[in-house]
Amino acid sequence: MVGAIGCLVWQAVESDDESMLFTTDAAVADKVQKMRDRIRWQQSALTQRQIDQRQLVIDDGRQCEEDFSFMVLGDSGTGRYRGDSPQRQVAEALLTHGEDARFTLHTGDVVYLVGSSEQYPENFIAPYREHIVGGDRPRQVAYDRMVFKRPFLPTLGNHDYYDLPLLAGVASLFTRPLRRLLQSYVDFDLGWHGSYTGDAFARAFIDYLKGVGESELAAHLDRHYTGTGPDGQRCLRYVPGEFTRVPNRYYSFRYGGIDFFALDSNTFNAPQPLTDDAEGQKLRQQLQVTLEKLRSRQQECLDKIVHYKSTEDPRDDDAITDLTAEAEQIAEQIRDIEKQLDSDRDPSTVDLDQLNWLRDRLIASWQDDNARGRILFFHHPPYVTEATKWPQGQTLAVRRNLRNVLAAVQGEVDSQGRPLVDLVINGHAHCMEHLQSGENGLADAGINYIVCGGSGYSLRRQRTNGPDIKEGIGTRVQTVAVSRRYIGRAGHGSEKRRPYSCLRVEVKAGRQPKFVATPVIVEKVHHQWKTYLDEPFDL
């Protein structure tokens with residue numbers, strides 16, 4: 001009986017043709033406009049006070065010290081799975097190895113699978129309770145009233161924007177009592193309504209001015225927007241333990257002379273439209289063939305999962321875990337291909353306002369003698385060798401758009417041989433990886449990239465194509481970046497490994513700062529969790 005009900009529930013939620021996740025993703029223009037509405041973008045009360053809604057000042061009394069460290073995690077927002085929680089293990093490692101760190105950056109996908117507000121208590125507040133004021137009583141902490149003891153600075157991942165169609169929401173809601181009853185047998189990690197195009201994330205982390213009454217708005221602005229940015233602009237003041245909101249979906253701040261730029265890559269990751277010529281038609285046909293193969297393999301995975309679940313044999317748990325991870329991974333590949341095939345239908349696919357802002361702020365940073373370095377962090381990586389992400393249209397789109405920004409910066413500043421950006425930090429790929437772009441003659445040459453997306457959700461394997469990332473530049477194919485280190489799912493059978501991770505970055509004092517990165521690894525070995533530090537590397 002249990003097996004039959006489980007099969008019906010699984011099939012009800014997983015029957016959508018679009019993807020295993022049964023999710024919808026809003027258009028770029030909708031994401032931009034809804035986020036603007038939530039922060040009362042450039043409304044009169046803000047413009048009259050000359051407030052810059054795209055920067056903040058961290059007021060912790062130590063923001064001018066040049067020698068400091070910070071932590072990074074990403075793609076973490078899952079709840080307990082079969083009685084265990086890799087995310088919680090990583091959170092505990094974060095406490096141990098980041099005790100003296102000044103702040104934590106999160107590279108996105110804060111809550112899986114669809115960023116639903118009802119998932120925040122289990123998938124975010126409980127795992128990170130020691131970081132939150134009142135976290136010793138996590139059930140009493142409202143997700144939209146969180147205050148962090150130490151700065152927690154997030155970016156939006158694709159899952160933080162996802163929604164559910166009504167039918168899937170109803171199915172998910174219907175199965176909730178059943179999930180509680182069957183526990184690990186039916187293990188869905190999603191709410192019943194999704195994120196409302198990032199609304200839950202905005203209420204959790206952004207200064208949600210839309211929720212401030214008209215009679216209270218002036219007092220709110222005069223209380224919390226008392227910071228002064230590097231350019232002299234009035235901006236939000238981030239005070240650990242008191243007021244810990246960021247001003248926008250993308251923003252900047254300076255700490256220890258390093259300019260940090262948090263970006264929303266969900267609004268500039270759309271693949272380029274396919275051309276109408278013979279080459280474009282050939283590519284379209286290839287993508288459609290690949291899509292059908294992926295859908296077929298996805299269905300095979302789902303059928304096997306249903307079979308293993310019906311046996312109720314605990315020895316099948318590892319097989320179910322692997323198949324679920326593969327099916328979810330395939331779903332992302334399907335979504336990416338569908339975006340490529342439909343890319344000519346949405347004319348407003350690139351958030352130029354954000355990219356132009358980044359260009360202007362990078363130029364200003366280079367022209368400011370008080371700025372020692374520059375770090376970008378956002379969700380989708382421009383370079384990665386994770387098996388499914390490296391060839392995606394979204395990966396190439398982010399790379400292209402970032403290059404265009406850096407090329408414009410390069411034309412305005414003299415970097416004196418230094419890379420235009422010291423470090424780019426991303427998530428999305430469920431692994432830890434260090435890459436470097438080579439001397440490729442392009443504006444993004446010589447930059448260090450770190451992918452930190454292995455902090456709790458299903459880990460992924462590295463591609464088999466080798467560490468060199470090649471690209472057609474002009475008339476020839478050349479290596480544009482190289483993977484230096486990859487930490488992710490590996491091995492098979494008894495040699496299988498799932499090393500989850502977060503990252504510690506040390507910033508050294510000096511006019512040209514040095515950066516040292518140390519991966520913090522959390523891995524289950526012989527049914528026991530072990531935490532250890534991987535070998536540090538210079539950036």
Any donor-acceptor pair under 3.5 Å linking the side chain of Lys149 with the backbone of Glu130? yes
Any carboxylate oxygen within less than 4.0 angstrom of a Lys/Arg side-chain nitrogen, looking at Glu506 and Arg504? yes
Please confirm whether the backbone N or O of Phe268 pairs with a side-chain atom of Asn401, one donor and one acceptor, at under 3.5 Å? yes
Check this for me: does any side-chain nitrogen of one of Asp264 and Lys31 sit under 4.0 Å from a carboxylate oxygen of the other? no
Does any N or O in the side chain of Ser252 come within less than 3.5 Å of the main-chain N or O of Phe261, such that one atom is a donor and the other an acceptor? no
Look at the rings of His106 and Phe152 and say which category their plane angle falls in: under 30° parallel, 30 to 60° tilted, over 60° perpendicular. tilted
Criterion side-chain contact (heavy atoms from CB on, under 4.5 Å) against Thr107, the qualifying member of Asn426, Ile450, Asp75: Asp75
Across all chains, not counting sequence neighbours, the side-chain hydrogen bond (donor to acceptor under 3.5 Å, both in side chains) partners of Glu386 are Thr388, Lys389
Can you list the steps and then say if Tyr255 with Asp60 is a side-chain hydrogen bond (donor to acceptor under 3.5 Å, both in side chains)? CA-CA 10 Å; Tyr255 199 99; Asp60 65 356; 2.6 Å; yes
Of all heavy-atom pairs linking Ser455 and Ser76, the shortest is O-CB, 3.4 Å
Check the orientation of His159 and Tyr162. Use parallel for under 30°, tilted for 30 to 60°, and perpendicular for over 60°. perpendicular
For atom CD of Glu292, is the number of surrounding heavy atoms from other residues, nucleotides or ligands below 6.0 Å larger than 12? yes
Parallel, tilted or perpendicular, as decided by the 30° and 60° cut-offs, for the rings of Tyr449 and Tyr383: perpendicular
For Phe68 and Phe103, take the angle between the two ring planes, folded into 0 to 90°, and tell me which bin it lands in: parallel under 30, tilted 30 to 60, perpendicular over 60. tilted
In Å and rounded to the nearest 0.5 Å, what is the CZ to OG distance from Arg489 to Ser458? 6.5 Å
Are side-chain heavy atoms of Lys514 and Asp538 found at a separation under 4.5 Å? no
Do the charged groups of Asp534 and Arg485 touch, with an N to O distance under 4.0 Å? yes
Return yes if some donor-acceptor pair links the side-chain N/O of His434 with the main-chain N/O of Arg484 below 3.5 Å, else return no. no
Distance col, row Gln478:CD vs Asp468:CG, nearest 0.5 angstrom, shows 11.5 Å
Counting only heavy atoms from other residues, nucleotides and ligands, does the tally under 6.0 Å from CZ of Arg400 exceed 12? yes
Apply the test side chain to side chain contact (heavy atoms under 4.5 Å, CB included) to residues Asp25 and Asn158: give CA-CA distance (whole Å), side-chain angles for both, the deciding distance (0.1 Å), then the verdict. CA-CA 8 Å; Asp25 194 14; Asn158 50 304; 5.6 Å; no
Please give me the minimum heavy-atom distance between Ile125 and Pro138, naming the atom from each residue. CG2-O, 3.7 Å
Is the backbone N or O of Thr197 less than 3.5 Å from a side-chain atom of Ser195, with the two atoms forming a donor-acceptor pair by type? yes
Measure the shortest side-chain to side-chain distance between Asp163 and Val114 over non-hydrogen atoms and say whether it is less than 4.5 angstrom. no
The test is side chain to side chain contact (heavy atoms under 4.5 Å, CB included); show your working for Ser483 and Gln462 and say whether it passes. CA-CA 10 Å; Ser483 176; Gln462 189 174 26; 3.6 Å; yes
Keeping Ser437 on the side-chain end and Asp444 on the backbone end, is there a donor-acceptor pair under 3.5 Å? yes
Between CZ on residue Arg295 and CD on residue Glu300, distance to nearest 0.5 Å: 15.0 Å
Phe537 backbone acceptor or donor facing Thr518 side chain under 3.5 Å: no
Whether the Tyr128 and Gln87 side chains hold a donor-acceptor pair (N or O, under 3.5 Å, no angle test) is what I'd like checked. yes
Could you please spell out the steps behind the ring pair (Phe, Tyr, Trp, His ring centres under 6.0 Å) verdict for Phe70 and Phe377? CA-CA 13 Å; Phe70 63 92; Phe377 64 106; 8.5 Å; no
Less than 4.5 Å apart, any side-chain heavy atom of Thr244 and any of His131? no
Using a strict cut-off of less than 4.0 Å between a Lys/Arg side-chain nitrogen and an Asp/Glu carboxylate oxygen, indicate whether Asp351 and Arg249 qualify as a salt bridge. yes
So, Arg245 side chain and Ile206 main chain: donor-acceptor pair closer than 3.5 Å or not? yes
Can you name the side-chain hydrogen bond (donor to acceptor under 3.5 Å, both in side chains) partners of Arg150, sequence neighbours left out? none
Does Ile258 reach the side chain of Pro513, with side-chain heavy atoms less than 4.5 Å apart? yes
Side chain to side chain contact (heavy atoms under 4.5 Å, CB included) for Leu94 and Val520? Distances and angles first, verdict last. CA-CA 8 Å; Leu94 194 71; Val520 181; over 6 Å; no
Looking at every heavy atom in both Pro499 and Gly488, which two are closest together, and how far apart are they? CD-O, 3.3 Å
Looking only at non-hydrogen atoms, find the nearest pair between Gly134 and Val141 and report the distance. O-CG2, 3.5 Å
In Å and rounded to the nearest 0.5 Å, what is the CZ to CD1 distance from Arg399 to Ile469? 6.0 Å
Do Ile375 and Val505 have side chains that approach each other closer than 4.5 Å (heavy atoms only, starting at C-beta)? no
Hey, could you give me the CZ/CD1 distance between Phe253 and Ile58, rounded to the nearest 0.5 Å? 4.5 Å
Side chain to side chain donor-acceptor pair (under 3.5 Å), paired with Thr385, selected from Arg461, Arg463, Glu433: Glu433
Please answer whether the main-chain N or O of His380 pairs with a side-chain N or O of Asn269 as donor and acceptor at a distance below 3.5 Å. no
Taking atom CD1 of Ile521 and atom CD of Gln89, what is their separation to the nearest 0.5 Å? 14.0 Å
Is the centre of the Tyr238 ring less than 6.0 Å from the centre of the Tyr251 ring? no
Out of Tyr120, Phe201, Phe205, Phe124, which residue meets the ring-ring contact (aromatic ring centres under 6.0 Å, His included) rule with Tyr143? Tyr120
Nearest heavy-atom approach of Gly454 to Leu459 is CA-CD2, 3.7 Å
Under a 4.0 Å N-O cut-off, is there an ion pair linking Glu122 with Arg88? no
Where does the angle between the aromatic ring planes of His379 and His428 fall among parallel (under 30°), tilted (30 to 60°) and perpendicular (over 60°)? perpendicular
Indicate yes or no for a side-chain donor-acceptor contact from Asn448 to the backbone of Gln436 under 3.5 Å, with no hydrogens or angles considered. no
Looking at side-chain heavy atoms only, is the closest gap between His193 and Ser117 below 4.5 Å? yes
